Amino acid sequence: MPSKKNATAIDKPKKDYTFFENVWAVARLIPKGRVTSYGAIAKYLGGSPRVVGYAMNGCGDVKPKVPAHRVLNRNGLLTGRHHFNPPELMQQLLEKEKIKVEKDQVVDFKRLFWDPATEL
DNA sequence: GTATTGACCGTAG
DNA sequence: TCTACGGCCAATA
């Protein structure tokens, strides 16, 4: 598909959010009951973790909805939970996928970790 | 156009 | 073990 990458996000774009769409795409590829980290996605896309986090900042405006709750930091900590609405939603969604969360941290994160660079 | 910030990561002290 | 610093890319002020 030629033309028009269009980013449906942040509905005032006029710009190619290609990288953002990539991040969202990978986020949607995360299997249910699994989690990954910003750095893993960044590495897979060849970018920096900060941009991945920034991309997630607009995940609420993106459709279909992006499972940002499956994306955590390297420690498996729910650092971005304050960006959700409500903030507790993130943990709720994780528990809904049979993922145990304790003190804003995913239990057995190492075991549930899903690395795009490895799995893809 | 420059400076600061951001849901981060890795290494050094 | 814990704290401090730099690097990475893009958006915002």
Side-chain angles (χ1 to χ4, degrees):
Chain A
M1 44 161 232
S3 59
K4 223 125 222 229
K5 294 173 179 187
N6 174 26
T8 8
I10 316 177
D11 63 30
K12 66 169 3 174
K14 242 172 221 162
K15 197 173 159 130
D16 291 331
Y17 284 84
T18 310
F19 197 87
F20 281 40
E21 286 190 353
N22 261 331
V23 175
W24 300 327
V26 174
R28 291 196 211 98
L29 290 175
I30 302 172
K32 184 178 173 224
R34 294 286 168 128
V35 290
T36 189
S37 63
Y38 302 93
I41 297 174
K43 184 180 180 182
Y44 177 71
L45 296 177
S48 69
R50 296 227 117 149
V51 180
V52 176
Y54 211 94
M56 286 297 168
N57 191 11
C59 70
D61 299 312
V62 180
K63 280 103 171 180
K65 197 179 176 198
V66 180
H69 58 275
R70 293 181 191 157
V71 184
L72 317 168
N73 69 344
R74 201 55 178 170
N75 285 317
L77 197 68
L78 283 59
T79 51
R81 71 184 253 142
H82 291 287
H83 293 262
F84 276 79
N85 189 42
E88 11 187 276
L89 178 64
M90 188 171 186
Q91 184 172 337
Q92 291 293 322
L93 290 171
L94 287 172
E95 289 181 347
K96 194 174 182 182
E97 306 207 352
K98 308 298 185 285
I99 299 175
K100 295 172 186 166
V101 180
E102 194 168 306
K103 294 178 180 57
D104 297 356
Q105 188 172 358
V106 174
V107 180
D108 292 330
F109 167 73
K110 184 176 175 184
R111 192 178 62 159
L112 296 173
F113 185 77
W114 180 84
D115 189 347
T118 303
E119 302 295 331
L120 302 180

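Computed from a prediction, not measured in an experiment: that's the story for all the values here.
Atom pair A/F20:CZ and C/dC9:C1' shows a separation of 9 Å (rounding to whole Å applied). In this entry the distance linking OH of A/Y54 with C1' of C/dA13 reads 11 Å, nearest Å. Atom pair A/F19:CZ and C/dC8:C1' shows a separation of 10 Å (rounding to whole Å applied).
Shown here for A/Y38 and A/L72, the closest heavy-atom pair between the two residues is CD1-O, 3.0 Å. Residue A/D104 comes nearest to A/L77 through the heavy atom pair O-CD1, 3.0 Å, listed as atom of the first residue, atom of the second, then distance. Heavy atoms only, all atoms of each residue included: A/F84 and A/M90 are closest at CE1-SD, 3.6 Å.
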- Message: Quick one, A/R34 with A/E119, criterion salt bridge (charged side-chain N to carboxylate O under 4.0 Å, His left out). Give me CA distance, side-chain angles, the key distance, then yes/no.
- Response: CA-CA 12 Å; A/R34 294 286 168 128; A/E119 302 295 331; 5.7 Å; no

- Message: Between A/R28 and A/V66, does the side-chain contact (heavy atoms from CB on, under 4.5 Å) criterion hold? Intermediate values first, please.
- Response: CA-CA 6 Å; A/R28 291 196 211 98; A/V66 180; 4.1 Å; yes

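Side-chain contact between A/L29 and A/P116 is absent, with no heavy atoms from C-beta onward closer than 4.5 Å. For the pair A/L78 and A/V106, the minimum side-chain heavy-atom distance is below 4.5 Å. Contact annotation: the side chain of A/I41 approaches that of A/L45 to within less than 4.5 Å [non-hydrogen atoms, C-beta and beyond]. At a threshold of 4.5 Å between non-hydrogen side-chain atoms, the residues A/F113 and A/R74 count as touching. The side-chain heavy atoms of A/V35 and A/L94, taken from C-beta on, include a pair separated by under 4.5 Å.
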- Task: Using a 4.0 Å cut-off on protein heavy atoms (strictly under), produce a 5'-to-3' string for nucleotides 8-13 of chain B with B for base contact, S for backbone-only sugar-phosphate contact, and - for none.
- Result: BSS---

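Remark: the backbone N or O of A/K32 is not paired with any side-chain donor or acceptor of A/W114 at under 3.5 angstrom.
Against DNA chain C, the stretch residues 94-120 of chain A makes no heavy-atom approach under 4.0 Å.
Using a 4.0 Å heavy-atom distance criterion, A/A68 is classed as a base contact.
Across B/dT4 and C/dG6, the matching C1' atoms stand 16 Å from one another, rounded to whole Å.
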Set out, line by line, the N/O atom pairs under 3.5 Å between protein and nucleotides 3-6 of chain C.
none

